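First the structure, in the form of structure tokens, and then the observations on it.
In this text the structure is predicted, and so the values were computed from the model without any measurement. Below, chain A is the first sequence line, B the second, and so on; all start at residue 1.
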Amino acid sequence: MLAVMLNSMGGREAVGRAAGRRLPSVGQARRPPRAYRYTPGPSLPHPPMAELPDKRTQFIDWYLAVVEEAGLSDKRYGVKGMNVWTPYGFRARRNLDSVMVREIEATGSQAVEFPALIPETEFAKEKEHIQGFDSEVYWVTKGGSSPLDVNLVLRPTSETAMYPVFALWVRSHQDLPLNVYQIVNTFRYETKTTRPFLRVREIHFFEEHTCQVDEAAATARVASNLAAFARMAEAFALPFLAVRRPDWDKFAGAYYSIALDIPLGGGRTLQIGSVHHYRENFSGPYGIRYEAVDGSSRLVQQTTFGLSERLLGAILAVHGDRKGAVFPRAVAPFEVVVIPVPSSSAGDLPQRTAGEVAERLARHGLRVHLDAGPERPGAKYYHWELLGVPLRLEVGAREAAARTVTAVTRLGLKSSLPMDGLEEQVVAALAGFDRALAERALAEFRSAFALATSLDELRDSAVVRQLGWCGREECGHRIEEAVDGGLLGVPEGKPPVEAPLPGTCIVCGRTDGVRWALAGRPL
RNA sequence: GGGACUGUGGGGUAGCUUGGUCCAUCCUUCGGGGUUCGGGACUCCGAGACGCCAGUUCAAAUCUGGCCAGUCCCA
């Protein structure tokens with residue numbers, strides 16, 4: 001793993017500084033974040049207060065500003081697409097991973113870890129696969145100064161690393177199903193502009209690979225993966241679509257691919273994961289066979305399930321707002337921040353009480369941070385809102401006198417919680433926050449789709465279009481041309497816009513085999 | 001893969017056309033002190049940069065070349 005947690009940096013809880021760059025600190029003095037100015041120009045004598053670009057009209061500027069200002073990733077590392085995970089960003093990632101691990105292991109999958117280097121000879125065994133990845137792999141061709149006899153590929157994904165070994169592991173039907181996953185870094189020589197979390201060259205990758213006894217079992221595994229992802233997405237308050245990609249857009253080597261897509265507004269979409277059915281496309285070339293109950297030798301049927309830190313980008317993109325990041329409880333680096341509100345007459349009472357509150361909540365198992373820094377409370381409010389903490393607790397003289405704390409969620413819901421039973425009240429407030437966040441996201445999700453009945457409607461569309469498609473490739477390409485994007489494919493299950501089945505293909509007007517399909521512009 | 005552009009303290013910038021005014025401007029930031037503190041305080045003192053390597057020149061942030069990095073457009 002190249003991701004290294006920065007620790008033992010000296011100073012009391014000083015996790016806020018790395019490599020000379022000021023990071024959002026966790027345990028030390030805070031200052032208001034510097035003003036963000038998104039239109040280049042001469043400095044003003046009095047710069048405006050920190051203000052983010054408008055999310056709707058300048059999405060990518062807004063996104064980059066949030067990632068930078070909230071200190072989630074440091075993109076100043078000198079290699080394109082390879083960014084540094086900061087202490088704060090790493091906390092989010094670890095929480096994200098733990099949800100993925102929890103849900104995939106609930107389906108009986110086991111963690112493994114395969115090497116990062118793959119011999120060219122293995123990499124080349126599946127023809128479509130190598131064609132799909134040929135242009136974006138990193139090669140290791142030398143050991144020291146000597147050229148290698150067999151060049152090595154730095155894994156862009158791990159099929160070709162795992163499957164030769166699977167062939168050794170799988171002997172009998174009793175070895176099946178084989179369900180294993182790993183969370184590792186993979187490498188792709190991305191040529192487009194890279195973006196923190198959304199498009200990187202070193203990918204923090206979750207990949208499950210399975211071998212099944214037959215086609216029906218593999219199909220069931222695909223369904224199980226989709227269900228597991230639905231549970232993850234619920235934890236992230238992230239509405240999504242499972243869409244079967246058209247043949248020309250499936251994963252290199254797959255029999256079919258189901259993509260997990262989210263709308264980003266403005267007709268744009270983001271693929272945050274995928275589940276693939278390989279059938280025997282890989283088990284053939286790699287010789288993954290088993291002896292069946294009847295004594296015959298058969299090839300296994302394979303599936304994979306892939307996710308990455310794009311999920312983190314998606315969470316930022318979907319939930320973030322004009323004040324900055326908004327994290328659902330499951331991924332929030334801190335679920336609660338406690339802020340003492342000093343006053344001249346109260347002495348150290350606010351600090352003391354805030355400390356006690358933080359300690360009680362931490363003992364209750366919550367990820368809590370006490371911001372005891374010297375800044376004024378208002379500055380701290382803005383700071384932690386930018387960083388996306390779900391719940392803020394304010395403790396001042398008023399609260400101390402009334403035996404309460406003031407609670408404000410990141411969505412602005414304010415309440416007064418009694419000190420007695422505070423732990424339960426805080427947990428309830430967090431649950432309420434998650435629900436409100438999910439509702440807000442769902443409302444946005446619903447408004448991101450609309451039906452289209454003619455190709456003209458696809459042009460310059462500000463929503464993702466749901467349309468009738470006959471399934472023919474030539475019609476698909478006409479659709480892609482019209483939206484200036486992609487035919488995402490046919491949604492699994494109910495389409496986003498509830499409507500009776502379409503009568504005709506939007507392109508050719510044919511009536512046979514017509515289904516709802518989605519078209520948008522992938523980010 | 002092809003093309004265009006850019007690189008000045010931690011972040012953002014002025015200066016570059018016409019080399020000398022620059023031991024480099026301003027805001028922010030960072031360190032220290034003091035007064036403050038219920039939604040981004042103020043003040044005093046201090047710190048920090050011309051992407052890298054060559055070249056031209058009496059003199060280079062400024063001109064030239066190569067490299068590295070980044071951004072945008074096209075395939």
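- Regarding A:Glu136, its CD atom lies at a distance of 13 Å from the P atom of B:G1, rounded to whole Å.
- The side chain of A:Thr193 sits closest to B:C72 out of B:G38, B:C72, B:G11.
- Atoms CD (A:Glu385) and C1' (B:G39) sit 8 Å apart, rounded to a whole Å.
- Separating the CD atom of A:Glu69 from the C1' atom of B:G12 is a distance of 10 Å, rounded to the nearest angstrom.
- Nucleotide B:A41 forms a Watson-Crick or G-U wobble pair with B:U35, both donor-acceptor distances falling under 3.5 Å.
- Straight-line distance between the P atoms of B:G48 and B:C68: roughly 32 Å, to the nearest whole Å.
- Across the C1' atoms, B:C30 and B:G11 are found 12 Å apart, a figure rounded to whole Å.
- A donor-acceptor contact under 3.5 Å links the side chain of A:Arg392 to the base of B:G39.
- Exactly one residue among A:Thr304, A:Ile258, A:Asn281 makes a side chain to side chain contact (heavy atoms under 4.5 Å, CB included) with A:His276. That residue is A:Thr304.
- For the pair A:Tyr382 OH and B:A41 C1', the interatomic distance rounds to 14 Å; values are reported in whole Å.
- Under the stacking criterion of a centre-to-centre distance below 5.5 angstrom and an interplanar angle below 30°, A:Tyr381 is not stacked against the six-membered ring of B:G39.
- Between A:Arg363 and A:Glu359 there is a salt bridge, with a side-chain nitrogen of the basic residue lying less than 4.0 Å from a carboxylate oxygen of the acidic one.
- Nucleotide B:G20 forms a Watson-Crick or G-U wobble pair with B:C58, both donor-acceptor distances falling under 3.5 Å.
- Under a 4.0 Å N-O distance rule, the pair A:Arg56/A:Glu444 qualifies as a salt bridge.
- Between A:Arg76 and the phosphate of B:G70, there is no side-chain N or O to OP1/OP2 separation shorter than 4.0 Å.
- For A:Lys80, counting side-chain heavy atoms from C-beta on, the closest listed nucleotide (B:G70, B:G39, B:C37) is B:G70.
- Using a 4.0 Å cut-off between charged side-chain N and carboxylate O, A:Arg201 and A:Glu190 make no salt bridge.
- Here A:Arg392 pairs with A:Glu385 in a salt bridge; the nearest charged N to carboxylate O distance falls below 4.0 Å.
- The nucleotide B:U13 finds no pairing partner, because no Watson-Crick or G-U wobble arrangement with both distances shorter than 3.5 Å includes it.
- Remark on RNA chain B: of its neighbouring residues A:Tyr77 and A:Arg398, the 5'-side contact belongs to A:Arg398, judged by nearest-heavy-atom nucleotide.
- Rounded to whole Å, the separation between the C1' atoms of B:G51 and B:A47 comes to 22 Å.
- Distance check on atom C1': B:U8 versus B:U13 gives 9 Å, rounded to whole Å.
- An OP1 or OP2 oxygen of B:G40 is reached within less than 4.0 angstrom by no side-chain nitrogen or oxygen of A:Arg376.
- One atom, CD of A:Glu190, and another, C1' of B:G70, lie 16 Å apart when rounded to the nearest Å.
- Comparing the C1' positions of B:U56 and B:C63 gives an interatomic distance of 8 Å, to the nearest angstrom.
- Only the P atoms considered, B:C42 is 41 Å distant from B:C53, to the nearest whole Å.
- Regarding A:His383, its NE2 atom lies at a distance of 13 Å from the P atom of B:U29, rounded to whole Å.
- Taking the ring centroids of A:Phe133 and A:Phe251, they lie under the 6.0 Å cut-off.
- When both pairing distances are held under 3.5 Å, B:U25 makes no Watson-Crick or G-U pair with any nucleotide shown.
- Taking atom C1' on both nucleotides, B:C58 is separated from B:G2 by 44 Å, rounded to a whole Å.
- Nucleotide B:U6 has B:A69 as its partner under the Watson-Crick or G-U criteria, with both atom distances under 3.5 Å.
- Here the separation of B:C5 from B:U43, taken at their P atoms, is 44 Å to the nearest Å.
- What separates CG of A:Asp348 from C1' of B:C37 is a distance of 15 Å, to the nearest Å.
- Among the heavy atoms of the strands, none lies under 4.0 Å from A:Gln351.
- If you take NZ of A:Lys75 and P of B:G11, they are 11 Å apart, rounded to a whole angstrom.
- For A:Glu394 against B:G39, a side-chain-to-base donor-acceptor contact under 3.5 Å is absent.
- Pairing of B:G1, defined by two Watson-Crick or G-U wobble distances under 3.5 Å, is identified with B:C74.
- You'll find that the side chain of A:Glu68 is closest to B:G11, out of B:C72, B:G11, B:G38.
- In this structure, A:Phe90 and A:Trp85 have perpendicular ring planes: the angle between them is above 60°, well past the 30° mark.
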